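To start, the structure under review is shown below, and the notes come after it.
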Amino acid sequence: MVTAGAGRPLVLVHGALLSLEAWALLWQPLLAADHLVIAYDLRGHGHSTLGRSGFGIQAYARDLAAVLDHFDVRQGAVVAHSTGGIGALALAAGAPADAAAHLAGQVLISTPPQGIGDSLQNRLLAPIVFSGLIHEVVRRRRLGTLFTRTLF
């Protein structure tokens with residue numbers, strides 16, 4: 001987890017296969033614009049563990065709620081990409097009063113409204129993510145670059 005700055009809080013939530021480092025190019029501009037920047041790794045990503053309850057929409061929503069509570073975010077905004085946005089939507093839909101108590105709004109980037117269901121893609125992707133293979137691939141410069149360009 002990374003926190004820096006002061007001012008209106010922005011909680012940055014990355015997408016699947018990424019880490020909080022995905023936001024690195026935005027940290028300085030956001031700090032210069034007088035924001036409290038809070039970024040964390042989704043469970044099972046970056047430096048985060050999977051935890052006992054595994055991953056899924058509700059787990060991501062609970063994690064976001066815990067971050068908002070821990071930092072006592074008031075009138076903040078969530079800026080979320082893809083899977084991170086799915087958790088943000090789940091929090092807003094499942095606990096609207098809690099979300100409203102913390103947030104003035106959300107910015108969702110490439111967030112599918114249907115969530116992370118039992119699709120063939122997710123059944124194939126989940127074991128790869130949790131095996132640590134993706135982390136090893138992206139650490140190798142050539143292979144990581146090829147993988148990232150192909151996927152994104």
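Please read all numbers here as calculations on a predicted model, not as lab measurements.
Residues Ser19 and His14 come closest through the heavy atom pair C-CD2, 3.3 Å. Contact between Gln75 and Pro9 at its shortest, heavy atoms only, is O-CD, 4.4 Å. Taking each heavy atom of Ala61 and Leu91 in turn, the nearest pair found is CB-N, 3.7 Å. Scanning both residues, Ile86 and Thr111, for their nearest heavy atoms gives N-CG2, 3.5 Å. Ala99 approaches Ala92 most closely through the heavy-atom pair CB-CA, 4.0 Å. Nearest heavy atom pair, residue Pro96 against residue Ala93, reads CD-O, 3.7 Å.
Here NE2 of His81 is found 11.0 Å from CG of Leu108. Values are rounded to the nearest 0.5 Å. Atoms CG and CG, from Leu42 and Leu20 in turn, are 9.5 Å apart once rounded to the nearest 0.5 Å. Remark: Thr83 OG1 to Leu18 CG distance equals 8.5 Å, nearest 0.5 Å. Of the inter-residue distances, the one linking Asp41 atom CG with Asp63 atom CG reads 11.0 Å to the nearest 0.5 angstrom. For the atom pair Leu10 CG and Leu12 CG, the distance stands at 6.5 Å (nearest 0.5 Å). Rounding to the nearest 0.5 Å places CZ of Arg52 at 12.0 Å from CZ of Arg43.
Side-chain contact annotation: Asp69 with His102, donor-acceptor N/O pair under 3.5 Å present.
The side-chain heavy atoms of Val78 and Val107, taken from C-beta on, include no pair separated by under 4.5 Å. Counting heavy atoms from C-beta outward, Tyr40 and Val13 have side chains that approach closer than 4.5 Å. A heavy-atom distance below 4.5 Å is not found between the side chains of Val37 and Val2. Val79 has its side chain within reach of Trp23: a pair of non-hydrogen atoms, C-beta onward, lies under 4.5 Å apart.
Note: the hydrophobic cluster containing Leu50 also contains Tyr60 (ILVMFWY, side chain heavy atoms under 4.5 Å, direct or indirect links). Note: the hydrophobic cluster containing Val67 does not contain Trp27 (ILVMFWY, side chain heavy atoms under 4.5 Å, direct or indirect links).
In this structure, His45 contributes its side chain and Leu17 its backbone to a donor-acceptor pair below 3.5 Å. His35 contributes no side-chain N or O that, together with a main-chain N or O of Leu30, makes up a donor-acceptor pair within less than 3.5 Å.
Listed by chain and number, the residues in a side-chain hydrogen bond (donor to acceptor under 3.5 Å, both in side chains) with Asp34 amount to none (sequence neighbours excluded).
Screening Leu36, Leu68, Thr3 for a side-chain contact (heavy atoms from CB on, under 4.5 Å) with Val11, the sole residue that qualifies is Leu68.
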